[in-house]
Q: 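Just dropping this structure here.
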Amino acid sequence: MHLLEVDSLKTYYYTRKGIVKAVDGVNLHIDKREIVGVAGESGCGKTTLAMTIMRLLPPEARILSGKILFHGEDLLSKTEEEMREIRWGKISMIFQHSMNALNPVLTIERQMIDAIRAHDRKLTKAEAAVKARELFKMVGLDPDRIKGYQHEFSGGMRQRVMIAMALAADPELLIADEPTTGLDVITQSQILELLRRLKDELGLSIMIITHDLAVIAEVCDRVSIMYAGKVVEIADVVTLYKRPKHPYTYLLINAFPSIKSRRRRLEEIKGEPPRLVNPPPGCRFHPRCPYATEECRAKEPSLVEVEPGHYVACHYAHKLNFIMER
Ligand code: SF4
């Protein structure tokens, strides 16, 4: 049994402009001690997927169908009270830009104590303070700096604080939404190294949501590529970079700097991602795909296994072989 299994999940937003099909039949899973990347361009549904797993959606969103199995139990059948236990206690999340959300007038220690006690009311303030120092150490921060304020911390240090807070209730799964955005390259690497270390030391499973393929290459074990609300390719990270099968994955890898040297962008993906209010029929990538045919415009491809553990949603996956030079 997988730790987390998302099955045929659909989450739509009902807006004045129409129905936004943000997550439209998504399947993926995460095992214990595994880092899985969910990657794709902005607006492809990655964050909505994470917020659906956490059951933290805005009122205009509706989960239409599917299952989110955590230890085999469907999170979609849990009451809000049960979800409160699972949220942070079992599945924790670092939100996008959350490192900028620390309260500037409270010490980091006070904020950490509040976060720890929010999960465990039985702890006294003194006990929570001890735990806060332990968490500080765990994420590579000097506990003697815990009484400082956020303006005394660099971006990388604030992100470490957010990771420490997310670990306050000893979760089994951590969802990190764009955990390195806004950080310089060296700090990005350090944060990713920290996540990998936490996976090894705590036996944590991690889902990293990112638009940055370099992040995926550096830290993930497996990857799900999303396009326009759908998963179009799943593979282990080595296979994905060496033998991508979906044209979008191939173009996405080529649109990013080299993993090691972070060279300049190589090729743009032509066109814009579709609006999810009215996505294209057939394969949603067909307006941008250099290999599109009539079949692609008429019929939606299903996600099929092309080799063990490698899934692709493309009518021509068996014919397209991309050679990656990097
Ligand atoms: S199904 Fe057709 S349009 Fe879609 S990715 Fe494959 S070749 Fe391109």
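As the structure lists them, so they are numbered: ligands from 1, and atoms in each ligand from 1. Note that the numbering runs from 1 along the sequence shown for the chain.
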Q: Hey, which atoms in ligand 1 end up nearer than 4.0 Å to a heavy atom of Cys289?
A: 3 (S), 5 (S), 7 (S), 8 (Fe)
Q: Under the side chain to side chain contact (heavy atoms under 4.5 Å, CB included) rule, what do Leu75 and Glu82 come out as? Steps first, then yes or no, please.
A: CA-CA 9 Å; Leu75 298 184; Glu82 288 168 330; over 6 Å; no
Q: For ligand 1, which atoms, with element, lie under 4.0 Å from some heavy atom of Cys314?
A: 1 (S), 5 (S), 6 (Fe), 7 (S)
Q: Once you measure the plane-to-plane angle for His151 and Tyr149, does it fall in the parallel (<30°), tilted (30-60°) or perpendicular (>60°) bin?
A: parallel
Q: Considering only heavy atoms from C-beta outward, does the side chain of Arg87 approach that of Glu80 to under 4.5 Å?
A: yes
Q: So, His286 and atom 6 (Fe) of ligand 1: N/O/S under 2.8 Å, yes or no?
A: no
Q: What atoms of ligand 1 come closer than 4.0 angstrom to any heavy atom of His246?
A: 5 (S)
Q: For Tyr227 and Arg288, run side chain to side chain donor-acceptor pair (under 3.5 Å): C-alpha distance rounded to whole Å, both residues' side-chain angles, the deciding distance at 0.1 Å, then the answer.
A: CA-CA 12 Å; Tyr227 185 79; Arg288 304 171 79 188; 3.3 Å; yes
Q: Could you check atom 1 (S) of ligand 1 against the protein and tell me its nearest heavy-atom contact, residue, atom and distance included?
A: His315 N, 3.4 Å
Q: Step by step, work out the side chain to side chain donor-acceptor pair (under 3.5 Å) result for Glu233 and Thr249.
A: CA-CA 7 Å; Glu233 186 155 12; Thr249 310; 2.7 Å; yes
Q: For ligand 1, which atoms have a heavy atom of Tyr316 less than 4.0 angstrom away?
A: 7 (S)
Q: Just need the protein heavy atom nearest to atom 4 (Fe) of ligand 1, so name the residue and atom and give the distance.
A: Cys283 SG, 2.4 Å
Q: So with a 6.0 Å cut-off around CZ of Arg110, is the heavy-atom count from everything else above 12?
A: no
Q: Could you find the nearest protein heavy atom to atom 2 (Fe) of ligand 1 and give me its residue, atom name and distance?
A: Cys296 SG, 2.2 Å
